[in-house]
Amino acid sequence: MRYAAGKLQHLVICICLAANFAAASRAQNTNTAITGTVSSAEEGAMEGVLVSAQRAGSPITVTVVSDAEGRYAFPADRLASGATTLTIRAAGYELGGAVTAEVAPGRAATADLKLRKAPDLAAQLTSTEWLNSMPGTADQKLPLIECMSCHTLERVLRSKFSADEFVGVLRRMQGYANNSTTQHPQLRVAERELSEKRARELADYVASVNLSGGRETWAFPPKALPRPRGRATRVIITEYALPRPTIAPHDVRPDANGIVWYSNFVEPFIGRLDPSSGAHTEFRYDLPKPKFPEGALALEPDQDGNWWLAMMFQSGLTRFDPRMKEFRHYPIPPEQMTDGTQQSLMMPGRSHVDGKVWTNDVSTHEILRLDLASGAYERVNPFKTMPKGRQHSPYGMAADADNNLYFMDFGDESIGRVDAKTLRTTLYPTPTPRSRPRRGMMDAAGHLWFAEFAADKVGMFDPASEDFKEWAVPTPHTYPYDVYLDRRGELWAGSMSSDRVLRLDPATGESIEYLLPHQTNIRRIFVDDGKTPATLWAGNNHHASIVKLEPLD
């Protein structure tokens with residue numbers, strides 16, 4: 001009898017375990033769309049491989065990252081049913097062949113990915129990785145950061161131009177407008193000066209590291225950065241492909257309803273994306289100067305929910321009412337206009353305080369202030385007392401509660417303040433010389449956070465104490481373009497060169513770098529604080545897509 005009871009007990013335990021296993025299996029199938037492992041003959045299980053999934057015909061690509069055991073998994077709520085193609089990003093590797101999986105409700109598809117060595121590591125390098133691989137001094141490399149506005153440095157390093165030929169290339173490049181991409185180049189109307197001395201120095205350096213002189217390979221070994229590890233693998237990245245390859249989403253901002261808007265850097269449109277469906281809409285504005293380069297740079301909201309665009313070479317500012325679908329242009333007066341007139345940045349966020357919107361004129365290095373009632377512009381020269389021979393360029397802008405302007409001098413090294421009542425300007429040099437502060441934001445406490453583009457740092461300026469703090473980015477030659485402080489006190493930064501998003505804790509200095517699935521030229525970033533952890537939005541200015549990055553911790 002005791003034996004029979006024991007067998008019965010054992011049977012009951014087995015049934016319970018089987019039931020629990022089945023329930024766990026059903027839960028896994030319900031919660032996971034695709035899962036599998038990533039491995040290679042060289043490494044075995046591979047951590048830090050980006051695995052991307054795109055359903056046939058969909059503009060949306062979802063990416064996850066393999067963990068320390070080489071496992072990856074796509075949550076079921078991120079992928080729609082249907083045949084789905086898988087691709088990977090892992091420097092030095094490629095997929096052994098095409099991989100597809102069939103996504104279906106209620107069950108997980110399995111796809112184990114076998115990687116093989118890629119034949120051309122150099123084709124996979126970011127501009128940051130090229131700069132870290134190349135020999136030479138920091139001063140020799142620094143001028144190359146201007147090239148990244150239009151293309152990666154692979155194009156420069158694979159070139160076969162001699163030093164003399166490269167001087168000619170630089171002269172030609174000077175003729176293109178800032179708002180150009182390789183998909184949509186645009187010529188300037190006004191000529192730019194080119195320092196022959198600087199051109200010759202850069203040309204000599206490039207000719208020493210490119211494939212000129214009959215070289216078939218580089219005199220240095222191209223090296224990739226390590227793949228993501230640990231917390232850097234705990235992320236989901238969603239990319240929304242835009243319908244034309246020429247679209248250049250420069251500034252990207254979600255509105256209060258979660259709809260994402262962007263400025264097109266090379267075409268006369270403001271764009272709208274519905275992240276829930278990937279649906280895309282464009283609104284075209286008239287060209288005040290049809291023979292000049294098209295496109296707008298900055299996109300900023302005002303307190304009434306209107307979107308403002310800085311019109312670059314079309315000059316002036318434009319306001320878009322998303323409810324009425326109407327534009328209103330605020331032109332620069334003809335008597336103040338030249339072929340070089342260019343409004344790249346503006347700040348309408350506090351215009352409800354005094355009816356004024358701040359902007360700049362790149363051609364004269366001045367601050368402009370628009371009066372909304374009259375349409376007139378006031379001009380301020382913030383550098384009139386500065387020594388001659390220094391480059392200046394008012395760029396990133398923020399305004400405090402009284403609509404006093406804070407701007408970054410992208411040409412040099414200062415944070416500037418323009419008093420809203422007196423228009424008096426005060427300049428505060430950053431602790432790091434020639435830092436070229438670019439863009440940033442003002443937090444609720446009135447601290448100004450900004451990217452120090454040429455210094456490879458991010459910074460904070462406290463207007464009350466007039467003190468600065470700086471943090472070096474973890475990877476050299478990142479050149480951060482913009483920063484954003486979230487409500488948890490973490491600082492985020494994007495870059496044109498590294499294909500990575502930086503997440504930094506200013507209190508501890510600890511940081512994470514999230515690798516992106518594709519070549520990504522990031523300009524303005526925005527962090528949605530409505531979720532925990534925060535969600536980052538950015539445009540891929542060179543590859544017609546919008547990126548959403550969601551950390552999982």
Side-chain angles (χ1 to χ4, degrees), residues 32-34 50-65 72-89 99-105 109 181 183-184 235-267 269-284 299 307 320 322 325 494 499 501 514 516-528 530-531 534-552:
T32 304
I34 308 173
L50 277 67
V51 183
S52 300
Q54 184 176 23
R55 182 171 55 84
S58 172
I60 301 174
T61 301
V62 180
T63 299
V64 296
V65 188
Y72 73 91
F74 288 91
D77 61 355
R78 299 306 179 99
L79 299 181
S81 298
T84 301
T85 299
L86 299 181
T87 56
I88 63 100
R89 184 175 194 175
V99 178
T100 60
E102 188 70 28
V103 176
T181 65
Q183 295 86 355
H184 191 81
V235 63
I236 297 177
I237 301 163
T238 307
E239 297 170 286
Y240 301 86
L242 302 176
R244 290 189 312 282
T246 53
I247 296 176
H250 196 285
D251 283 21
V252 173
R253 296 286 298 260
D255 64 20
N257 298 316
I259 299 298
V260 177
W261 297 82
Y262 67 88
S263 58
N264 188 331
F265 198 34
V266 300
E267 296 175 331
F269 298 95
I270 183 172
R272 178 186 186 274
L273 173 75
D274 183 347
S276 63
S277 64
H280 175 260
T281 311
E282 293 179 300
F283 303 92
R284 183 184 176 95
L299 172 76
W307 293 107
F320 177 69
K325 309 295 189 295
D499 295 357
V501 167
Y514 299 104
L516 299 173
H518 301 107
Q519 189 184 100
T520 308
N521 184 281
I522 294 178
R523 306 299 175 94
R524 189 68 155 158
I525 62 172
F526 182 83
V527 177
D528 183 355
K531 299 178 180 179
T535 298
L536 177 137
W537 290 92
N540 188 347
N541 192 63
H542 289 173
H543 294 285
S545 67
I546 290 174
V547 178
K548 178 174 69 171
L549 185 145
E550 301 169 274
L552 300 178

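Residues passing the side chain to side chain contact (heavy atoms under 4.5 Å, CB included) test with Ser276 are Asp274, sequence neighbours excluded. Residues satisfying the salt bridge (charged side-chain N to carboxylate O under 4.0 Å, His left out) test with Arg284, not counting sequence neighbours, are none. Partners of Thr100 under the side chain to side chain contact (heavy atoms under 4.5 Å, CB included) rule, at least two apart in sequence or in another chain, are Thr85. Legend: residues meeting side-chain hydrogen bond (donor to acceptor under 3.5 Å, both in side chains) with Thr520, ordered by chain and number and at least two apart, are absent. Scored by the salt bridge (charged side-chain N to carboxylate O under 4.0 Å, His left out) test, Glu239 finds no partners at all (sequence neighbours excluded). Annotation: side-chain hydrogen bond (donor to acceptor under 3.5 Å, both in side chains) contacts of Arg78 (sequence neighbours excluded): Glu550. In terms of the side chain to side chain contact (heavy atoms under 4.5 Å, CB included) criterion, residue partners of Ser81 (sequence neighbours excluded) are, by chain and number, Pro105. Taking Glu102 as the reference, nothing meets the salt bridge (charged side-chain N to carboxylate O under 4.0 Å, His left out) condition, with sequence neighbours excluded. Residues meeting the side-chain hydrogen bond (donor to acceptor under 3.5 Å, both in side chains) test with Arg89, sequence neighbours left out: Asp499. Under the rule for a ring pair (Phe, Tyr, Trp, His ring centres under 6.0 Å), the partners of Tyr262 that lie at least two apart in sequence or sit in another chain are His280. Thr84 is linked by a side-chain hydrogen bond (donor to acceptor under 3.5 Å, both in side chains) to nothing, counting only residues two or more places apart in sequence or in another chain.
The CG atom of Leu86 sits 8.5 Å away from the OG atom of Ser52 when rounded to the nearest 0.5 Å. Atom CD1 in Ile522 sits 8.5 Å away from atom CG in Leu549 (nearest 0.5 Å). Taking CG from Asn264 and OG1 from Thr246, the interatomic distance works out to 7.0 Å, rounded to the nearest 0.5 Å.
Among the candidates Gln183, His184, Glu282, the single residue satisfying the side-chain hydrogen bond (donor to acceptor under 3.5 Å, both in side chains) test with Arg244 is Glu282.
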Check your understanding: How far apart are the C-alpha atoms of Val62 and Leu79, what are their side-chain angles, what is the distance that settles it, and do they pass the side chain to side chain contact (heavy atoms under 4.5 Å, CB included) test?
Key -> CA-CA 8 Å; Val62 180; Leu79 299 181; 3.9 Å; yes
Practice item. Might you work through the side chain to side chain contact (heavy atoms under 4.5 Å, CB included) test for Tyr72 and Leu50, ending with a clear yes or no? Key: CA-CA 9 Å; Tyr72 73 91; Leu50 277 67; over 6 Å; no
Exercise for review: Under the side chain to side chain contact (heavy atoms under 4.5 Å, CB included) rule, what do Thr63 and Ile236 come out as? Steps first, then yes or no, please.
Suggested key: CA-CA 6 Å; Thr63 299; Ile236 297 177; over 6 Å; no
Review point. Checking side chain to side chain contact (heavy atoms under 4.5 Å, CB included) for the pair Val547/Tyr240: CA distance, chi angles, key distance, verdict?
Key: CA-CA 6 Å; Val547 178; Tyr240 301 86; over 6 Å; no
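No donor-acceptor pair under 3.5 Å is formed between the side chain of Thr32 and the backbone N or O of Ile34. Side-chain N or O atoms of Asn540 include none that pairs as donor or acceptor with a backbone N or O of Ile546 at under 3.5 Å.
Counting only heavy atoms from C-beta outward, the side chains of Trp307 and Pro322 approach each other to under 4.5 Å. Between Val99 and Ile88, the closest side-chain pair of non-hydrogen atoms is not below 4.5 Å. With a 4.5 Å cut-off on side-chain heavy atoms, Thr238 and Thr61 do not count as touching. Between Val65 and Val235, some side-chain heavy-atom pair lies under the 4.5 Å cut-off. Looking only at side-chain heavy atoms (C-beta outward), Leu536 and Phe526 stay at 4.5 Å or farther from each other. No side-chain heavy atom of Thr535 sits less than 4.5 Å from a side-chain heavy atom of Val527.
Shown here for Ile525 and Ala538, the closest heavy-atom pair between the two residues is CG2-CB, 4.2 Å. Between Ala33 and Val103, the shortest heavy-atom distance links the atoms CB-CG1, 4.1 Å. Scanning both residues, Pro551 and Ala534, for their nearest heavy atoms gives CD-O, 3.2 Å.
With ring centers used as reference points, Phe269 lies 6.0 Å or more from Phe283.
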Could you give the side-chain donor-acceptor pairs of residues 247-260 under 3.5 Å, partners two or more places apart or in another chain?
from   : atom 1 : to     : atom 2 : distance (Å)
His250 : NE2    : Arg523 : NH1    : 3.3
Asp251 : OD1    : Arg439 : NH1    : 3.0
Asp251 : OD2    : Leu299 : N      : 3.0
Asp251 : OD2    : Arg439 : NH1    : 3.3
Asp251 : OD2    : Arg439 : NH2    : 2.8
Arg253 : NH1    : Glu300 : OE1    : 3.2
Asp255 : OD1    : Asn257 : N      : 2.9
Asp255 : OD1    : Gly258 : N      : 3.1
Asp255 : OD1    : Ile259 : N      : 2.9
Asp255 : OD2    : Trp261 : NE1    : 3.0

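Defined by atom type and a distance below 3.5 Å, a donor-acceptor pair is present between the side-chain atoms of His543 and Gln519.
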